[in-house]
2 protein chains.
Amino acid sequence: MSGRKLEMSNLSKSILKDQAFQLREQAILDATTSILGSKGYDLMTMDDVAKAVGISKPSLYKHFKSKEELVGEALIRLIDGAIQYLAGLDVALSPLKKLITLLEWALRIRLEGGIPFLPSTSAHVRDMLLRNIKYMTHFFQLNSQLEQLVIAAQKNNELNSSLPIDVILISYYARTCDPTIEHLQIFSQMSHDDIIKNMLHVTFKGFNGL
Amino acid sequence: MSGRKLEMSNLSKSILKDQAFQLREQAILDATTSILGSKGYDLMTMDDVAKAVGISKPSLYKHFKSKEELVGEALIRLIDGAIQYLAGLDVALSPLKKLITLLEWALRIRLEGGIPFLPSTSAHVRDMLLRNIKYMTHFFQLNSQLEQLVIAAQKNNELNSSLPIDVILISYYARTCDPTIEHLQIFSQMSHDDIIKNMLHVTFKGFNGL
DNA sequence: GTCTATAGCTGGATAGAC
DNA sequence: GTCTATCCAGCTATAGAC
């Protein structure tokens, strides 16, 4: 009886511990995301992350065994967020409208200090992600959905059918890491809404569109 | 008489030395440009540059007193090239056609291993350049010409007048450092000409344009 | 599991011989 | 001006005490 009690107590202690561990892990990923957004991969140090979370560097390494794994997990979480956001969209929306809405979501995240979900501007980071199987799995899940949307939009004549799908998809990703966003923030002092509005116009209609 | 001879001899020796010095300086800038194009600023080391040129690191520092100065000079040379290219264009071309032609030139340079002439994707590099007065002087010289072209093209109805000039200009620069270029090279294996054609379409007409 | 302390390495920059 | 050799700062990652 007392043995059983002890067992349960240990179990609930362990659950609590896991919860705290999970919470700290999310806090680490939050900090990583924010620092990645401002400094980028190369300039982000593990000391930065540890200090932002309020833990020591060795503790950080108990959660993630390397800087590459840490960044990979942060990006995976972001991709999963995009997949969930897509899944939550009104099914009645047209393919093009879904693509626009998702990009708007990604741009807003970026403006609020987050990171582009892909593809990195740095060859180093790009190669690192290509080697990260877990990341690539999640990425392909998102990518195949986006590809279907692009194809459907082309069939609808919502998107130009003469453009190769790859060109549209890759350019679409590139808009989420476009330095235009930061430059407009710094030099033009536009509101977030105006930046997003203009970025969407340029992306879908170009400079002379409409 | 012999004194004069000696003087001339020293002079010509000095000229020769200057020429060799100038040549090596250009070689250093060539190597820097190429390495910047492939690895980017953060991953480019002074050892890389010295090795590519075939000189030692201290010799490199005789030419450029820091990594920041070296990169600044490489970018200045690139901007000056753009200014010269603009100046050499047929004056009969419309403002829009000039903008398209210059971007095509920049994209081709990039595809051949060069660097985007602006604006850097990295906050670190961007801040470094903002502090570089010589660089900013050259940049503004190019920028004011491009601004005039954009304004003229808007007056012509060649470019959408509802888009702020800043949005067009900054997006225009951004296309020269757009990771789409590399991704299309790596994943789609398109020819350079096709990549440029598609990039120009997306830039000026967007995804659904025309 | 958490910390302090440090190993090990890399890269920017320089001293000093020639 | 060129080299070899080296300094020093900063970073990733870990050892070892508690």
Side-chain angles (χ1 to χ4, degrees), chain A residues 10-29 31-32 35-36 38-74 122-125 127-129 131-132, chain B residues 10-29 31-32 35-36 38-74 122-125 127-129 131-132:
Chain A
N10 277 343
L11 178 62
S12 47
K13 259 205 296 190
S14 138
I15 288 176
L16 276 177
K17 200 150 87 176
D18 280 355
Q19 282 179 340
F21 197 84
Q22 289 294 327
L23 277 179
R24 186 156 41 230
E25 200 143 301
Q26 291 302 313
I28 293 172
L29 291 176
T32 302
I35 297 170
L36 272 182
S38 55
K39 310 177 83 167
Y41 179 83
D42 291 324
L43 267 57
M44 181 192 94
T45 72
M46 295 302 261
D47 283 296
D48 289 337
V49 178
K51 186 169 290 183
V53 181
I55 61 177
S56 71
K57 202 161 43 166
S59 302
L60 178 53
Y61 275 92
K62 294 292 179 184
H63 289 267
F64 301 96
K65 75 173 193 297
S66 69
K67 182 180 179 181
E68 297 201 351
E69 179 184 306
L70 171 60
V71 171
E73 291 297 326
S122 131
H124 176 203
V125 178
D127 294 347
M128 170 186 93
L129 293 175
R131 288 193 313 269
N132 184 331
Chain B
N10 277 343
L11 179 61
S12 46
K13 259 204 296 188
S14 135
I15 287 176
L16 275 179
K17 201 151 86 176
D18 281 354
Q19 282 178 338
F21 197 84
Q22 289 294 325
L23 277 180
R24 187 155 41 230
E25 198 141 303
Q26 291 302 313
I28 292 172
L29 290 176
T32 303
I35 297 171
L36 271 182
S38 55
K39 313 178 78 166
Y41 179 82
D42 291 324
L43 268 55
M44 181 192 94
T45 73
M46 296 301 263
D47 285 295
D48 289 337
V49 178
K51 186 169 291 184
V53 181
I55 61 176
S56 70
K57 202 157 53 162
S59 301
L60 179 53
Y61 275 92
K62 294 291 180 186
H63 289 266
F64 301 95
K65 74 173 194 296
S66 68
K67 183 181 178 182
E68 297 202 350
E69 179 183 305
L70 170 60
V71 171
E73 291 298 327
S122 130
H124 177 203
V125 178
D127 295 346
M128 170 186 96
L129 293 175
R131 289 193 312 268
N132 184 330

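What's counted below: heavy atoms across the whole structure, side chains too, no hydrogens, waters or symmetry copies. All chains are named by letter (A, B, ...) in the order of the sequence lines, taking the proteins before the strands, and each is independently numbered beginning at 1. What you see is a predicted model; the values in this text were computed from it and never measured.
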[X] [atom1] to [N] [atom2], straight-line distance once rounded to whole Å:
X     : N      : atom1 : atom2 : value
A:K51 : D:dT12 : NZ    : P     : 13 Å
A:K62 : D:dC18 : NZ    : C1'   : 13 Å
A:D47 : C:dT6  : CG    : P     : 16 Å
B:L43 : C:dG11 : CG    : P     : 8 Å
A:K65 : D:dT12 : NZ    : C1'   : 14 Å
B:Y41 : C:dG11 : OH    : P     : 13 Å
A:M44 : D:dG10 : CE    : C1'   : 15 Å
A:L60 : D:dT12 : CG    : P     : 10 Å

- D:dT2 phosphate, OP1 or OP2: any side-chain N/O from B:R24 under 4.0 angstrom? yes
- Message: Could you tell me if A:K67 sits above the aromatic ring of A:Y41, with its cationic atom closer than 6.0 Å to the ring centre and no more than 45 degrees from the axis?
- Response: yes
If you check every side-chain atom of [X], which of [options] has the closest atom?
X     : options               : value
B:S59 : D:dT2, C:dG11, C:dC3  : D:dT2
A:P58 : D:dT4, D:dG1, D:dA15  : D:dA15
A:Y61 : D:dT2, D:dT14, C:dA13 : D:dT14
A:I55 : C:dC3, C:dG12, D:dC3  : C:dC3

[Y] backbone acceptor or donor facing [X] side chain under 3.5 Å:
X      : Y      : result
A:D48  : A:T45  : yes
A:N132 : A:L129 : no
A:T32  : A:I28  : yes

- Query: Once you round to the nearest 0.5 Å, how far does CG of A:L29 lie from NE2 of A:H63?
  - Reply: 10.0 Å
- Query: Under the 3.5 Å rule, do the base of C:dG11 and the side chain of B:K67 count as making a donor-acceptor pair?
  - Reply: no
- Message: For a quick check of understanding: with a heavy-atom distance under 4.0 Å over all strands, which category does A:S56 fall into, base, sugar-phosphate or nothing?
- Response: base
- Name the residue closer to the 5' end of DNA chain C, choosing between A:H63 and A:K57 according to the nucleotide with the nearest heavy atom. A:H63
